[in-house]
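Letters A, B, ... are given to chains in the order of the sequence lines, protein chains preceding strands, and every chain is numbered from 1.
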Amino acid sequence: MEESHSKSLNFLEEIVQDDLAAGKYPEGIFTRFPPEPNGYLHIGHAKSICLNFGLAQRFGGRTNLRFDDTNPMTEETEYVESIKHDVSWLGFQWANELYASNYFEQIYQFAVELIQKSLAYVDDSSAEEIATLKGTPTMPGTNSPFRDRSVAENLALFQAMRNGEYPDGAKVLRAKIDMAHPNMHMRDPLMYRIRHVPHHRTGNQWCIYPMYDFAHGQSDSMEGITHSICTLEFDVHRPLYDWFIHKLEIFPTHQYEFARLNLSHTVMSKRKLLQMVNDKLVSGWDDPRMPTISGLRRRGYTAASIRNFCERIGVAKRDNLIDISLLEFCIREDLNKSADRVMAVMDPVKLIITNYPDGQVEDLLIENNPEDPETGKRIVPFTKELYIERDDFMIEPPKKFFRLGPGLQVRLKGAYIITCDQFELHADGSVKEIHASYIPESKSGQDTSGIHVKGTIHWVSIPHAIQAEVRLFDRLLIVEDAGELGDDFTKFINPESLEVINHVFVEPSLKQANIEKAVQFIRKGYFCLDKDSTAEHLVFNRTVSLKDTWAKEQKK
RNA sequence: UGACCUAUGGUGUAAUGGUAACACACCAGUUUUUGGUUCUGGUUUUCUAGGUUCGAAUCCUGGUAGGUCAACCA
């Protein structure tokens, strides 16, 4: 992951560099990745992960993984496990695995301290009353009737809250700031609420839980986080973040905000992703169409390609919509170098080499990866009867069609040049089989025929072919920007986002296919074995197609 | 009609007062036993009006546009 440092710095790197140059952090910087364990991580989190860990790596610091688990109603251990798995799969090692819930006692003491300083009070108002008194962005709020309780009374009430003497919603603890503040977050924000709900880590130990604003900055501070990076929507929280730290007189960590990632043709909010999972519009969080880390992984995306993507999109403070084609470029770039080439026929039609001896099998040696000669060659059996791709043959081929048609010649990849002599049709007019003759002197690697053909097509020997299932994926949404879509976004899910092909014929070497190792089906795309695969029933996911300039040409 | 954030090709991101560049996408050609890859070239940019300056994408002021904030969510 070592990279040249000649590239210009992004604004976060500049901040860190300046801080370091000013000698602010002689012990190095400290960042953190702070997910709430209430869902699976997605590509937007990957950006944050790469930013936080990347900053620390680049400037010689460390990064904590901290679960922001202050709301027991939505959080589960299942999510904790998946998050840890995803972060380490992406290739990052955290300095410490931490939980905001580890700090509940300390945060409680911080609250007591603020009460003692007359900077916090217990409010008996209902949620509705509090909302009403809060005012609006253009109208100042009104002080709560409970705002001026004595320190002693507040202390006693807060203790009673902790002791479980009140039902959910009966009381809250609020900071005493300014109900007329132009920033809504400064109008006596809530610090604690009552929730008689078991927590995934602390069980029934607590029935009061701190709010995000009274937990996040305190956690950052206790951990000595030097640069607390979050997304733009927390920008308006920063005055409050700073206010608590200042009043508590604890380690002054600083918050910096960046614009979150938006990807075209997909959704990026946890709520919407959860909705698709719950409504069974996808098979789960790891459906290969999902923008989740687990979905991308199952789809065949490599960790390196995702890291590279995060590097390329950059980071700034303006809203963005990244074209999904950049993600596709990143995985193609990676797999082109690393994936072995194999042959698979997705839509088969029979090809008979009429002048090839019956029953003869030739073991041809074909290169695994022209990008990397070190990968060597493999054996591919060649026989008289083959499958080729149905769309590699046309009865009446147009001008620039470099494939098979009556009288036309092509090379069979790694084998011989053939000439199409005739074809037979089914009753419905579709092609039943194609008859061709091969040119013995044109054998791949020892071609003395002197014939030059423009097209090379892939093939599979019928008696050796393995039948497999292939799953093709397309963009999840038919619209580019899901940003303005509401709950009805499901209406825009691409009905063709998943296509299953049951009868694909692959070359016999794929018996050794490995779930970790991507392959390229020549001329068709990059594929990986799906977890649904068994020894008897291979299932391949298409990670991404190859660029197809012929398809483009045809559309003209 | 409050506070805050942001405006650079189709999409992103650089340029830190001194020739607007890089990547993706798109187009053309090259190479190729993958219509893949490679390589070469091309199209397309500083929201607007003023101001400061020898010089402004950059600094200042106004305008315009987009976004965030009024959860006992994070």
(message) Is it the case that over 12 heavy atoms from other parts of the model lie below 6.0 angstrom from the NZ atom of A/Lys317?
(response) yes

(message) I'd like the C1' distance from B/C69 over to B/U1, given in whole Å.
(response) 15 Å

Hits for salt bridge (Lys or Arg N to Asp or Glu O under 4.0 Å) against A/Arg475, two or more places apart or cross-chain, chain-then-number order -> none

Salt bridge present between A/Arg271 and A/Asp487 (N-O < 4.0 angstrom):
yes

With a 3.5 Å cut-off and heavy atoms only, can you find an N or O donor on one side and an acceptor on the other between the side chain of A/Gln520 and the base of B/U34? yes

Item checked: Inter-nucleotide C1' distance (B/U30, B/U8), Å rounded -> 33 Å

With sequence neighbours left out, the residues meeting side-chain contact (heavy atoms from CB on, under 4.5 Å) with A/Ala344 are A/Val504, A/Val506, A/Phe521

* Could A/Lys413 and A/Glu507 be called an ion pair, given the rule that one side-chain N must be under 4.0 Å from one carboxylate O? -> no

B/G17 and B/G12: how far apart are their C1' atoms, nearest whole angstrom?
25 Å

Within residues 264-275 of chain A, those residues having any heavy atom closer than 4.0 Å to RNA chain B are none

Please report, to 0.1 Å, the donor-acceptor pairs under 3.5 Å made by any side chain of residues 321-328 of chain A, with sequence neighbours excluded.
| residue | atom | partner | partner atom | Å |
| --- | --- | --- | --- | --- |
| A/Asp323 | OD1 | A/Ser325 | N | 2.9 |
| A/Asp323 | OD1 | A/Ser325 | OG | 3.1 |

inquiry  = Tell me whether the side-chain N/O atoms of A/Arg403 come closer than 4.0 Å to OP1 or OP2 in B/G35.
reply    = no

Per side chain to side chain donor-acceptor pair (under 3.5 Å), A/His216 is matched among A/Gln255, A/His237, A/Arg32 by A/Arg32

Under 3.5 Å, which protein N or O atoms sit close to an N or O of nucleotides 3-6 of chain B? Give each pair with its distance.
| residue | atom | partner | partner atom | Å |
| --- | --- | --- | --- | --- |
| B/C4 | O2' | A/Asp235 | OD1 | 2.7 |

* Asked: Does the B/G35 base have a donor-acceptor partner in the side chain of A/Gln554 within less than 3.5 Å?
  -> no

Margin query: Measuring only the C1' atom in each nucleotide, how far is B/G10 from B/U43? A whole number of Å is fine.
Written below: 11 Å

_Quick check: any donor-acceptor pair below 3.5 Å linking the side-chain of A/Thr456 to the base of B/U34?_
no

Sorted by chain and number, sequence neighbours left out, side-chain contact (heavy atoms from CB on, under 4.5 Å) with A/Ser449 holds for A/Ile417, A/Ile439, A/Glu441, A/Ser442, A/Asp447, A/Ile451

Review point. Is A/Leu190 touching bases, backbone alone, or none of the nucleic acid, heavy atoms closer than 4.0 Å?
Key: base

Quiz prompt | B/A74 versus B/U64 - spacing of their C1' atoms, nearest Å | solution = 34 Å

Q.
Check this for me: does any side-chain nitrogen of one of A/Asp392 and A/Arg523 sit under 4.0 Å from a carboxylate oxygen of the other?
A. yes

Applying side-chain contact (heavy atoms from CB on, under 4.5 Å) to A/Val236 and not counting sequence neighbours gives A/Asn183, A/His185

A/Glu389 meets the salt bridge (Lys or Arg N to Asp or Glu O under 4.0 Å) criterion, sequence neighbours left out, with none

Centroid separation A/Tyr79 to A/Tyr40 less than 6.0 Å: yes

What's the gap between B/G41 and B/A21 when it is taken at their P atoms, as a whole Å value? 14 Å

By side-chain contact (heavy atoms from CB on, under 4.5 Å), A/Arg542 pairs with (sequence neighbours left out) A/Leu472, A/Phe527, A/Ser545

Worksheet item: Stacking between A/Trp550 and the base of B/G35 (centre distance under 5.5 Å, interplanar angle under 30°)?
Response: yes

Read 5' to 3' with Watson-Crick or G-U pairs under 3.5 Å, [ ] for crossing pairs and | for partners on another strand, RNA chain B gives .((((((..((((....[..)))).((((.........))))....(((((..]....))))))))))).....

Item to complete: For B/G55 versus B/A20, give the span between their P atoms, rounded off to a whole number of Å.
Response: 16 Å

**Message:** At 4.0 Å (heavy atoms only), tell me whether A/Ala316 reaches a base, stays on the sugar-phosphate, or touches nothing.
**Reply:** sugar-phosphate

- Regarding A/Tyr99 and A/Glu75, is there a side-chain donor-to-acceptor distance under 3.5 Å anywhere? no

Is there a side-chain contact between A/Thr549 and the phosphate of B/G36, meaning an N or O under 4.0 Å from OP1 or OP2? yes

Every protein N/O lying under 3.5 Å from an N/O of nucleotides 18-25 of chain B:
| residue | atom | partner | partner atom | Å |
| --- | --- | --- | --- | --- |
| B/A23 | O2' | A/Arg312 | NH1 | 2.7 |

Walking RNA chain B from its 5' end, the first of A/Pro35 and A/Ala415 to be reached, judged by nearest nucleotide, is A/Ala415

Residues pairing under salt bridge (charged side-chain N to carboxylate O under 4.0 Å, His left out) where one sits in residues 233-245 of chain A, two or more places apart or in two chains, turn out to be A/Glu233-A/Arg260, A/Asp235-A/Arg238, A/Arg238-A/Glu257

Touch check for A/His216, heavy atoms < 4.0 angstrom, all strands: base, sugar-phosphate only, or nothing? nothing

Worksheet entry | B/U31 to B/U44 separation - C1' atoms, rounded to the nearest Å | 27 Å

